[in-house]
Amino acid sequence: MHNWFECKVRYDKTQETGVVKTVTEPYLIDALSFTEAEERIVKEMEPFIGGVFSVSDIRRKKFAETILSENGDRYYNARLAFITLDEKSGSEKKTAVNMLVQASSLREAMDIVEGEMKKTMFDYQFLAISETAIMDIFP
């Protein structure tokens, strides 16, 4: 089970036009605590950012499942509802979960989730799927 933290890194980035602009980019880190998440993101980003940078925000992110693909260059948040039957009342109960999916397109992300869900016995329903701003993940 992963314990994900979204870390936002703020630094000066040179644009294609040559203009230097301050940007804030989110990254996903697997860590045990906020302290470890900050330590890991600093260690991971030092080789890629030449100048000074800061970790501007760290927050916990809950994903029931993380599905990574080598082909994908974007990350999508798929929100599903697992449907169960309450034996006492006979009514349906829906439990919402988030899944992080790496894919090249929205359609591919949906296909990946549906492929993974076919391997299970769960009844489910797609609630939403959207592209995230996450630049990269560090499991």
Side-chain angles (χ1 to χ4, degrees):
M1 176 86 181
H2 294 281
N3 197 14
W4 294 110
F5 290 88
E6 182 184 66
C7 300
K8 292 189 177 179
V9 178
R10 187 175 184 84
Y11 66 99
D12 292 334
K13 182 176 186 177
T14 305
Q15 303 295 313
E16 294 172 2
T17 59
V19 177
V20 177
K21 183 179 177 184
T22 301
V23 295
T24 302
E25 296 177 339
Y27 294 88
L28 208 58
I29 295 283
D30 182 18
L32 296 173
S33 66
F34 286 90
T35 306
E36 182 186 354
E38 183 176 18
E39 181 182 325
R40 285 205 54 216
I41 193 65
V42 168
K43 181 180 165 191
E44 294 286 351
M45 297 309 295
E46 277 179 338
F48 300 110
I49 300 174
V52 176
F53 67 93
S54 66
V55 179
S56 61
D57 187 27
I58 300 176
R59 64 180 58 171
R60 214 177 276 276
K61 292 295 251 185
K62 287 191 178 189
F63 293 109
E65 185 77 30
T66 307
I67 306 167
L68 303 178
S69 166
E70 332 45 77
N71 315 358
D73 59 346
R74 298 183 198 128
Y75 296 95
Y76 294 88
N77 182 24
R79 186 152 177 86
L80 304 177
F82 291 144
I83 303 168
T84 57
L85 188 64
D86 185 3
E87 293 178 10
K88 291 181 182 178
S89 67
S91 63
E92 286 186 350
K93 180 183 175 188
K94 294 182 180 181
T95 306
V97 296
N98 289 319
M99 301 175 108
L100 182 69
V101 184
Q102 183 179 14
S104 298
S105 67
L106 188 65
R107 170 52 53 197
E108 183 184 344
M110 286 184 71
D111 292 343
I112 289 170
V113 171
E114 287 175 346
E116 287 294 315
M117 291 307 295
K118 284 181 184 176
K119 299 175 188 175
T120 70
M121 299 293 288
F122 288 113
D123 288 331
Y124 71 97
Q125 169 183 358
F126 264 103
L127 298 178
I129 187 164
S130 60
E131 185 175 350
T132 67
I134 295 171
M135 302 299 289
D136 202 0
I137 67 168
F138 302 101

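Being a predicted model, the structure only gives us computed values, none of them experimental.
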Please step through side-chain contact (heavy atoms from CB on, under 4.5 Å) for the pair Val23 and Gln15, ending with a clear verdict. CA-CA 10 Å; Val23 295; Gln15 303 295 313; 4.2 Å; yes

Pairwise distance [atom1]([X]) to [atom2]([Y]) - rounded to 0.5 angstrom:
X	Y	atom1	atom2	result
Glu108	Tyr76	CD	OH	8.0 Å
Met135	Cys7	CE	SG	14.5 Å
Asn77	Thr132	CG	OG1	7.5 Å
Ile83	Leu85	CD1	CG	10.5 Å
Glu6	Leu28	CD	CG	7.0 Å
Asp73	Asp136	CG	CG	11.0 Å

If only atom types and distance count, is the side chain of Arg79 paired as donor or acceptor with the main-chain N or O of Asn98 below 3.5 Å?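 Not a single qualifying donor-acceptor pair exists.
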
Tell me, please, which residues at least two apart from Phe5 pass ring pair (Phe, Tyr, Trp, His ring centres under 6.0 Å).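 Ring pair (Phe, Tyr, Trp, His ring centres under 6.0 Å) list for Phe5, sorted by chain: Phe34.
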
Is there any salt bridge (Lys or Arg N to Asp or Glu O under 4.0 Å) pair reaching into residues 43-58, and which pairs are they, with sequence neighbours excluded?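 For residues 43-58: Arg40-Glu44, Asp57-Arg59.
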
Listing request: all salt bridge (Lys or Arg N to Asp or Glu O under 4.0 Å) pairs with a residue in residues 9-20, at least two apart in sequence or in separate chains.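 Salt bridge (Lys or Arg N to Asp or Glu O under 4.0 Å) check on residues 9-20 returns Lys13-Glu25.
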
Please find the pair of heavy atoms, one from [X] and one from [Y], that lie closest to each other, and give the distance.
X	Y	result
Val9	Phe53	CG1-CD1, 3.7 Å
Ala37	Ile58	CB-CG2, 4.4 Å
Ala81	Lys94	CB-CB, 4.2 Å
Ile112	Gln102	CD1-O, 3.6 Å
Tyr11	Val52	CB-O, 3.9 Å
Tyr75	Ile134	CD1-O, 3.5 Å

So if you build clusters from Ile, Leu, Val, Met, Phe, Trp, Tyr with side-chain heavy-atom gaps below 4.5 Å, do Leu80 and Val101 land together?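 Per the 4.5 Å side-chain linkage, Leu80 and Val101 are co-clustered.
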
Quick check: is Ile129 connected to Met117 through a chain of hydrophobic side chains (ILVMFWY, heavy atoms under 4.5 Å apart)?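 They do share one cluster, since a chain of ILVMFWY contacts under 4.5 Å joins Met117 to Ile129.
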
Ring pair (Phe, Tyr, Trp, His ring centres under 6.0 Å) partners of residues 110-133, not counting sequence neighbours, each pair once: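 Residue pairs with at least one partner in residues 110-133: Phe82-Phe122.
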
Take Leu100 and Trp4 through the test side-chain contact (heavy atoms from CB on, under 4.5 Å) and record every step on the way to the result. CA-CA 11 Å; Leu100 182 69; Trp4 294 110; 5.6 Å; no

Hey, what else clusters with Phe48 if you join Ile, Leu, Val, Met, Phe, Trp, Tyr whenever side-chain heavy atoms sit under 4.5 Å?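 Noted: Phe48 shares its cluster with no other residue.
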
Test of understanding: with salt bridge (Lys or Arg N to Asp or Glu O under 4.0 Å), list the residues that count as partners of Lys21, not counting sequence neighbours.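 Checked Lys21 against salt bridge (Lys or Arg N to Asp or Glu O under 4.0 Å); zero matches.
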
Arg60 and Asn3, any side-chain heavy atoms less than 4.5 Å apart: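 They are in side-chain contact.
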
Validation row: Ile137, Leu68 side chains within 4.5 angstrom (heavy atoms):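 In short, these two side chains touch, coming nearer than 4.5 Å.
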
